[in-house]
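Everything quoted here is computed from the prediction, not taken from an experiment. Worth knowing before you read on, the calculation uses all heavy atoms, side chains too, and leaves out hydrogens, waters and symmetry mates. All residue numbers in this chain count up from 1 along the given sequence.
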Amino acid sequence: MPDKIRSFQMMIYLSLGFGAAAAVLQVGRLAGDGDAGFIIAVQVAFTVALAFFTHLITHQGGHWARWACAILWCVGLPFLIMALMLAYRSDALCGGLLAAQILVQGAAVALLFTEDAGNWFEA
């Protein structure tokens, strides 16, 4: 596995940690909200999906998986930014964690399209 793919994997796991920490901070605020269960279920589903794509990309060299991951990240970016704005209004630490998550994920997805990574997927 090339260094760029290994870095992608570590960065995604780091971003999942940021997301989990932000979710823990939000649980107290969501406790009084009727939609808390739905919000938590969506966060868990997206975390599992991202971990699944990361596994496919890093362990099986899934060329289609890197494109699917990149497309889904780009489609989800407006929603990530909206969640970031809402979280930052209620808790600056939570907003900071989500901002770090977005930046790390974006950098990780960009690593999938470097020359080293491209050669590995095509091999």
Student: Quick one: closest heavy-atom pair of Lys4 and Thr114, and the distance?
Tutor: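 Residues Lys4 and Thr114, closest heavy atoms: CG-OG1, 3.6 Å.
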Student: Just jot down the salt bridge (charged side-chain N to carboxylate O under 4.0 Å, His left out) partners of Asp3, sequence neighbours excluded, or say none.
Tutor: Arg6
Student: Please evaluate residues Leu111 and Ile5 with respect to the criterion side chain to side chain contact (heavy atoms under 4.5 Å, CB included), reporting the C-alpha separation (whole Å), side-chain torsions for both, the decisive distance (0.1 Å), and the verdict.
Tutor: CA-CA 7 Å; Leu111 286 176; Ile5 300 300; over 6 Å; no
Student: According to a hydrophobic-cluster definition based on side-chain heavy atoms being under 4.5 Å apart (Ile, Leu, Val, Met, Phe, Trp, Tyr only), do Trp67 and Ile12 belong together?
Tutor: yes
Student: Tell me, please, which residues at least two apart from Ala68 pass side chain to side chain contact (heavy atoms under 4.5 Å, CB included).
Tutor: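 So Ala68 forms a side chain to side chain contact (heavy atoms under 4.5 Å, CB included) with Phe53, Trp64.
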Student: Without placing hydrogens or testing angles, list every side-chain donor-acceptor pair under 3.5 Å for residues 71-82, not counting sequence neighbours.
Tutor:
unit_1, atom_1, unit_2, atom_2, d
Trp73, NE1, Gln105, OE1, 3.1

Student: Show the nearest heavy-atom pair for residues Met11 and Ala107, with the distance to one decimal.
Tutor: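 Answer, listing the atom of Met11 first, then Ala107: CE-CB, 3.3 Å.
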Student: With sequence neighbours left out, write down each residue that passes side chain to side chain contact (heavy atoms under 4.5 Å, CB included) with Asp91, or none if nothing qualifies.
Tutor: Leu25, Leu93, Cys94
Student: Taking only residues two or more places apart in sequence, or in another chain, which ones meet Tyr13 in a side chain to side chain contact (heavy atoms under 4.5 Å, CB included)?
Tutor: Gln9, Leu16, Thr54
Student: Please report the interatomic distance OG(Ser7) to CG(Asp116), rounded to the nearest 0.5 Å.
Tutor: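 Taking OG in Ser7 and CG in Asp116, the distance rounds to 10.0 Å.
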Student: Looking only at heavy atoms, what is the nearest atom pair of Leu97 and Ala21, with distance?
Tutor: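 Minimum heavy-atom contact is CD1-CB, 3.8 Å.
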Student: How long is the straight-line distance from CD1 of Ile57 back to CG of Leu50, given to the nearest 0.5 Å?
Tutor: 8.5 Å
Student: Suppose we screen for side chain to side chain contact (heavy atoms under 4.5 Å, CB included). Which residues come up paired with Ala70, at least two apart in sequence or across chains?
Tutor: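 For Ala70 the side chain to side chain contact (heavy atoms under 4.5 Å, CB included) partners, ignoring immediate neighbours, are Val109, Phe113.
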Student: State, yes or no, whether a side-chain contact exists between Leu98 and Phe18 at a heavy-atom distance under 4.5 Å.
Tutor: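 A side-chain contact is absent here, since even the closest heavy-atom pair is not under 4.5 Å.
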